[in-house]
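When a ligand or atom number is given, it counts from 1 through the structure's own listing order. What's counted below: heavy atoms across the whole structure, side chains too, no hydrogens, waters or symmetry copies.
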Amino acid sequence: MKKGDVNESFPFPFKENEYIYRYSNNSIPLKKSKCVEITSTYSQEIKLKRDLLNKYPTRCYQSLPYSKKAQWEIVELIIENLITYYPQYFEVKKNGSNWNFHNKLLDEKQEFIMGDHTSLPIEPLDFIGRHVQEDLILMMQRDANLYLDAGQLCFPANWSLAFDIGMNFQEIHYPIPGFKEAGLDQRILQFLLQLEPGNPWGRKNWSLMAGNRLDTSLETFDQWGKGRKLVTKKNAGKLVHLRVEVQTLSRLSRSNGILFTIHTHLLALEELANKREWLESFYRILKELPPYIVDYKGLSLFKDAVIDYLKDRLESGADLDA
Ligand code: HEM
């Protein structure tokens, strides 16, 4: 990458001049009803997703039996999104309930009968998830709560779908320090219960990753966790990546469930540091990050090396684009 040639499409998660980070309800209404995005890494990520799904089916896919109707609603919502925003890549021909879906990027066609589970070789959510880069989670609403009733999750940030399946919103967020104590779990749940069809919301979540792996599941921690011990000020620019999840939340009108999508992006720190506003803001956020968040995000072992690297880049202002 050339000097100053930062990936402009990277979803940097902090606002301009934001120097403090705390947990909060940072959701915002989306301007467009768009819950999936196709990027330049589409083909390689879809291949990786499908490999993981084939090798580790229970780690990457879980569903409870009564989730099928809502799964079909997700198929419909995502296909409508794909043909609306990417008509050059996706097409669907409908004849009553008979749908013929064409993914031109992969040169694949799939015929099915909308709502008929026997018309697809795999479950509906598993099928449509294999055509988008996002991980897809179905939360169903009952008894004034949301339950994780189905999901396709190939690129988790250190959590386990097989462990979380069937849990409610507070149980899922239980490991986050201070979340329950600050009443955030209840407040965010109340906000989610009021989501309306056609008005999706989005948010970004971030962490730092020693390496550039997308599959950082709890189950594979032994493979990627040890990278944290290898970080030095010298190698941090290439080795450490800012990992950002672009998340969307869409109400499903018929089942009253919520589709939660997670699109994971990685950016090497040396690229991030090419953009002065990002470098300044991220450096100060990292310096000010409360210890309980440092621990929870798994940064304790390498945060200081990263701060030293960012400080050096800040001081050698000649390398910056502005
Ligand atoms: C409804 C769909 C959602 C699901 C399925 C979900 C799931 C999760 C999971 C599995 C984790 C990791 C927990 C662990 O350590 O085991 C997490 C973390 C978190 N979630 Fe959610 N979440 C959802 C919505 C939200 C919303 C709407 C917010 C805030 C507005 C939120 C805020 C957070 C925060 C702050 C963390 C900690 C992340 C970090 O510091 O890295 N979540 N979520």
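Put simply, the residue from Asn199, Ile258, Leu192 that forms a side chain to side chain contact (heavy atoms under 4.5 Å, CB included) with Arg251 is Ile258. Evaluated for a salt bridge (charged side-chain N to carboxylate O under 4.0 Å, His left out) with Lys233, the options Asp308, Asp312, Asp304 yield exactly one hit, Asp312.
No donor-acceptor contact under 3.5 angstrom links the side chains of Gln223 and Asp215, judged on distance only.
Among all non-hydrogen protein atoms, the one lying nearest atom 35 (C) of ligand 1 is Tyr23 CD2, 3.4 Å. The shortest contact between atom 16 (O) of ligand 1 and any protein heavy atom is with Pro175 CG, 3.5 Å.
Within a 4.0 Å radius of atom 3 (C) of ligand 1, the protein has at least one heavy atom.
In terms of N/O distances under 3.5 Å, ligand 1 is approached by Tyr296.
Applying the 4.0 Å criterion to heavy atoms of Asp164 picks out, from ligand 1, the atoms 10 (C). Per-residue contacts place Leu192 under 4.0 angstrom from the following atoms of ligand 1 (heavy atoms of the residue considered): 1 (C). Counting atoms of ligand 1 from 1 in the listed order, those under 4.0 Å from a heavy atom of Asn205 are 38 (C), 39 (C), 41 (O). Taking every heavy atom of Ile172 and a limit of under 4.0 angstrom, the matching atoms of ligand 1 come to 7 (C), 8 (C), 9 (C), 10 (C), 13 (C). Those atoms of ligand 1 that come under 4.0 Å of a heavy atom in Asn25, given as number and element, are 30 (C). Residue-ligand proximity, Ser27 to ligand 1, at heavy-atom distances under 4.0 Å covers atoms 30 (C).
Distances shorter than 4.0 angstrom occur between a heavy atom of Phe179 and an atom of ligand 1.
The aromatic rings of Tyr86 and Tyr89 lie parallel to each other, with less than 30° between the two planes, well short of the 60° mark. Between Tyr23 and Tyr21, the ring planes are perpendicular. Angles over 60° get that label, and only those under 30° would be called parallel.
Heavy atoms of other residues, nucleotides or ligands lying less than 6.0 angstrom from CZ of Phe191 number more than 12. Taking a 6.0 Å sphere around NZ of Lys104, one finds it holds more than 12 heavy atoms contributed by other residues, nucleotides or ligands.
When heavy-atom distances to ligand 1 are checked against a 4.0 Å cut-off, Phe169 comes that close only through its side chain, counted from C-beta outward. Residue contacts with ligand 1, taken as heavy atom pairs separated by less than 4.0 Å, involve Ile188 solely via side-chain atoms from C-beta onward. Counting heavy atoms under 4.0 Å from ligand 1, residue Ile258 does not touch it at all.
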Quiz prompt | Chi angles and distances behind the ring pair (Phe, Tyr, Trp, His ring centres under 6.0 Å) call for Phe101, His131 | solution = CA-CA 11 Å; Phe101 173 64; His131 291 273; 5.1 Å; yes
Practice problem: Show the numbers, then the answer: is there a salt bridge (Lys or Arg N to Asp or Glu O under 4.0 Å) between Lys226 and Asp222? | Solution: CA-CA 7 Å; Lys226 53 192 176 210; Asp222 60 318; over 6 Å; no
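In this structure, the side chain of Lys69 does not engage the main chain of Arg254 through any donor-acceptor pair within 3.5 Å.
Here the shortest heavy-atom distance to atom 34 (C) of ligand 1, taken over Ile176, Leu138, Thr248, Leu259, belongs to Ile176. Selection from His173, Arg203, Lys297, Gln247 by nearest heavy atom to atom 43 (N) of ligand 1 gives His173.
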